[in-house]
Amino acid sequence: MKLLSVHNEPEAPELLYRLLQERAPATNISHREMPSWEAHTHFIQSRPYKAWYVIQRDGSPVGSIYLSKINEIGVFILIKHQGQGFGKLAIQMLMKKHPGERFLANINPNNSRSIKFFKSFGFKHIQNTYEKR
C-alpha cells in the first residue's frame, strides 16, 4: 500500500468527490451539504492540510487520509474497500511519516464505528464541541 500526495495525483479530485458522495450523515462534521465541483476543486487547490494523501493499493485508489495543521487525522475509505484494514494501515503509515507527540481525530458523536476505530489506536475522548447556528 502507498500514500501518494493528493496534489500530485491527477485523479485525486474525482476520488475525493466520490468519497464525499459516499459519506453518511453520521460520519460528517464539516459538510452540511454536498459542495459543488468548483467549490470542491477550489478547496483542494487551497492546500488546507499539512499532508493529504490518496491511499493506493495495487495501483488503485481505496481512500484518502489527511493530517491537518494541528495534527488532526481524517481518513476516508471507499465503501467497497471498508473493513479490509486499509484505514488502520494508512493511519500507521501517516503517523510514521509525520511523527508527533499528539494526534487528534474529530469524530461525529453518532459515528460509533469511527469512535471504536480510533479508540483501537489508543485515542482518548477529550471534549465535545457544541454548535448553534
Side-chain angles (χ1 to χ4, degrees):
M1 195 170 87
K2 296 179 187 176
L3 299 182
L4 305 170
S5 173
V6 160
H7 304 292
N8 296 335
E9 291 300 306
E11 297 159 2
E14 290 87 3
L15 168 69
L16 297 170
Y17 204 66
R18 189 168 53 174
L19 287 164
L20 284 174
Q21 291 171 322
E22 287 188 357
R23 269 197 223 173
T27 65
N28 216 351
I29 288 179
S30 59
H31 291 89
R32 298 283 178 232
E33 57 188 43
M34 187 68 187
S36 68
W37 177 254
E38 292 77 21
H40 171 68
T41 56
H42 178 74
F43 181 77
I44 295 167
Q45 291 166 356
S46 74
R47 295 182 178 258
Y49 305 122
K50 182 189 311 186
W52 199 0
Y53 300 102
V54 170
I55 304 165
Q56 191 182 78
R57 179 170 183 243
D58 298 330
S60 296
V62 296
S64 75
I65 189 167
Y66 68 79
L67 185 64
S68 78
K69 293 172 182 166
I70 60 168
N71 283 355
E72 297 164 314
I73 296 174
V75 59
F76 304 97
I77 305 297
L78 290 167
I79 289 172
K80 68 181 182 178
H81 296 294
Q82 290 179 3
Q84 299 174 37
F86 297 124
K88 183 175 184 172
L89 184 54
I91 288 175
Q92 291 168 340
M93 291 171 73
L94 180 81
M95 291 192 303
K96 184 176 181 183
K97 194 179 219 37
H98 302 276
E101 292 180 19
R102 181 178 191 226
F103 293 97
L104 302 167
N106 287 320
I107 304 168
N108 184 315
N110 296 318
N111 188 349
S112 57
R113 186 174 177 194
S114 191
I115 291 168
K116 182 178 176 183
F117 176 74
F118 277 95
K119 282 184 174 182
S120 75
F121 282 95
F123 282 68
K124 306 283 184 225
H125 180 250
I126 59 169
Q127 78 177 38
N128 288 328
T129 302
Y130 295 86
E131 172 185 60
K132 180 180 183 318
R133 288 187 176 240

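Quick note: residue numbers are just sequence positions, from 1.
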Practice item. Please go through Leu104's hydrophobic cluster and name the other residues, only I, L, V, M, F, W, Y counting, with side-chain heavy atoms under 4.5 Å joining them. Key: Ile126
Revision key, fill the gap. Cluster membership besides Leu4, Ile/Leu/Val/Met/Phe/Trp/Tyr side chains within less than 4.5 angstrom, sorted by chain and number, is none
Practice item. Test side-chain contact (heavy atoms from CB on, under 4.5 Å) on Val62 and Gln56 and set out the steps. Key: CA-CA 6 Å; Val62 296; Gln56 191 182 78; over 6 Å; no
Check your understanding: Taking only residues at least two apart or on different chains, which pairs with a member in residues 73-93 satisfy side-chain hydrogen bond (donor to acceptor under 3.5 Å, both in side chains)?
Key -> Gln82-Arg113
Study note, to complete from the structure: In short, side-chain hydrogen bond (donor to acceptor under 3.5 Å, both in side chains) pairs touching residues 64-73 with sequence neighbours left out are Lys50-Asn71, Ser68-Glu72, Glu72-Asn106
Within the side chain of [X], is there an N or O that forms a donor-acceptor pair under 3.5 Å with the backbone of [Y]?
| X | Y | value |
| --- | --- | --- |
| Ser114 | Asn111 | no |
| His42 | Ile44 | no |
| Glu22 | Ile79 | yes |

For residues 5-12, tabulate all N or O donor-acceptor pairs below 3.5 Å that involve a side-chain atom, not counting sequence neighbours.
{"unit_1": "Ser5", "atom_1": "OG", "unit_2": "His7", "atom_2": "N", "d": "3.2"}

Review point. Looking at CD of Glu14 and CG of Leu19, how far apart are the two atoms once the value is rounded to the nearest 0.5 Å?
Key: 12.0 Å
Exercise for review: Please round to the nearest 0.5 Å and tell me the distance separating atom CD1 of Ile65 and atom CG of Leu89.
Suggested key: 9.5 Å
Which heavy atom of [X] sits nearest to which heavy atom of [Y], and what is that distance?
| X | Y | result |
| --- | --- | --- |
| Met93 | Met1 | CE-O, 3.5 Å |
| Val54 | Leu15 | CG1-CD2, 3.7 Å |
| His98 | Phe103 | O-CZ, 3.2 Å |
| Ile91 | Ile73 | CG1-CG2, 4.2 Å |
| Ala90 | Ile55 | CB-CD1, 3.5 Å |

Review point. Phe121 vs Phe118 aromatic rings, parallel, tilted or perpendicular, using cut-offs 30° and 60°?
Key: tilted
Point to revise | Partner set under ring-ring contact (aromatic ring centres under 6.0 Å, His included) for Tyr17, not counting sequence neighbours | key: Trp37, His40
Check your understanding: Side-chain contact, heavy-atom cut-off 4.5 Å: Pro48 with Phe43?
Key -> yes
Review point. Quick one: is the NZ or CZ of Arg57 closer than 6.0 Å to the six-membered ring centre of Phe86, and within 45° of its axis?
Key: no
